[in-house]
Number of protein chains: 2
Amino acid sequence: MIELSKAEFDVLDALWINYPATASQIIERLSDDKQWHEKTIKTLLGRLVKKGALTFEKDGRQYIYTPCMERADYTLKESQNFIERFFSGRIAPLVSGFAKSEQLSQQDINELKKVIDDWEKNQK
Amino acid sequence: MIELSKAEFDVLDALWINYPATASQIIERLSDDKQWHEKTIKTLLGRLVKKGALTFEKDGRQYIYTPCMERADYTLKESQNFIERFFSGRIAPLVSGFAKSEQLSQQDINELKKVIDDWEKNQK
DNA sequence: AACTTAAGACTACACCTGTAATCTATTATT
DNA sequence: AATAATAGATTACAGGTGTAGTCTTAAGTT
């Protein structure tokens with residue numbers, strides 16, 4: 001799996017919002033949340049290309065970037081990894097930890113029920 | 001929050017198995033899973049102390065280490081962090097991602113149901 | 001055509017991390 | 001007492017990461 005640093009992920013995440021996109025569009029999107037210098041973001045884009053997380057096409061002297069993977073696929077792999085590391089691969093203990101520390105809202109519960117429901121429908 | 005690297009966490013995790021414990025006990029526990037040199041583990045213990053994740057008492061010329069936090073607290077914080085970063089703080093999308101990719105077993109579902117059940121009992 | 005701007009390439013640099021090796025001093029051993 | 005073993009402290013060192021600054025060159029402007 002391609003390993004991304006936090007900052008690299010944030011840049012890729014800004015691209016996932018809508019792509020293909022140019023560096024300046026990505027910089028614009030990130031400007032709300034981060035106080036990153038334009039050069040910083042360009043460096044990160046370069047590293048993402050080098051890692052194979054992005055590709056680009058030239059358009060004049062600009063590059064138009066496209067992610068090489070989908071967000072859901074990437075986050076799924078990260079999630080598996082995370083749950084493996086901290087909870088021996090089982091997901092319930094994570095949810096249970098949230099529950100115990102009052103971190104679950106009624107909405108979370110409803111959403112979880114729906115996930116379970118869908119899973120069960122899918123089984124039979 | 002104290003930030004631990006992967007290797008540091010693994011060492012702390014070996015201590016959480018049973019503590020207080022000496023360096024050699026920790027090294028022994030880790031020897032099954034990791035091919036780490038003894039020196040490597042000592043270095044990591046030192047870094048954990050420096051980061052405030054461990055304390056120790058002297059016993060002759062050995063140190064007896066104790067974690068400064070509980071595993072559940074640490075993993076909860078990591079989980080919050082993770083879910084914030086990748087799923088905007090909502091837990092269901094993580095579970096849903098697992099479901100969609102056939103990563104949930106009947107046992108997982110049962111456990112999740114129990115978590116929900118307990119949560120609901122706790123509400124009224 | 002000359003000059004300015006701006007895109008990407010390349011360079012920088014301190015701190016973190018993984019992974020030890022060497023140094024120092026104390027406790028065992030002979 | 002002299003020597004060996006060993007615990008922790010200190011040092012090492014390459015690669016990753018956050019965070020830009022400088023260089024080069026092509027495109028836009030006057």
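Please read all numbers here as calculations on a predicted model, not as lab measurements.
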Test: B/E120 and A/K113 ion pair at under 4.0 Å: yes
Residues in contact with DNA chain C, drawn from residues 16-50 of chain A - heavy-atom cutoff 4.0 Å: A/A23, A/K39, A/K42, A/R47
Nearest heavy-atom neighbours spanning A/D10 and A/K34: OD2-NZ, 3.0 Å
Leading and trailing nucleotides of DNA chain C with any atom under 4.0 Å from heavy atoms of chain B: C/dT17 to C/dT27
Between D/dA27 (C1') and A/D59 (CG): distance, integer Å: 12 Å
Candidates B/D108, B/V115, B/I109 - the one meeting side-chain contact (heavy atoms from CB on, under 4.5 Å) with B/E111: B/D108
Candidate pair A/D73 and A/K77, rule salt bridge (Lys or Arg N to Asp or Glu O under 4.0 Å), full reasoning: CA-CA 6 Å; A/D73 292 336; A/K77 291 210 172 99; over 6 Å; no
side-chain N/O B/K6 vs D/dG16 OP1/OP2, d < 4.0 Å: no
Side chains of A/E70 and A/Y74, donor plus acceptor under 3.5 Å: no
Heavy-atom donor-acceptor pair, A/R61 side-chain to D/dT25 base, under 3.5 Å: no
Along DNA chain D (nearest heavy atom to each residue), the more 5'-positioned of A/A7 and B/Q62: B/Q62
For atom NZ of A/K58 and atom P of D/dA26, their distance in whole Å: 10 Å
Heavy-atom side-chain proximity of B/F56 to B/L45 below 4.5 angstrom: no
Validation row, ring centre A/F82 to ring centre B/F86 under 6.0 Å: no
Student check: side-chain heavy atoms of B/S79 and A/F98 closer than 4.5 Å: yes
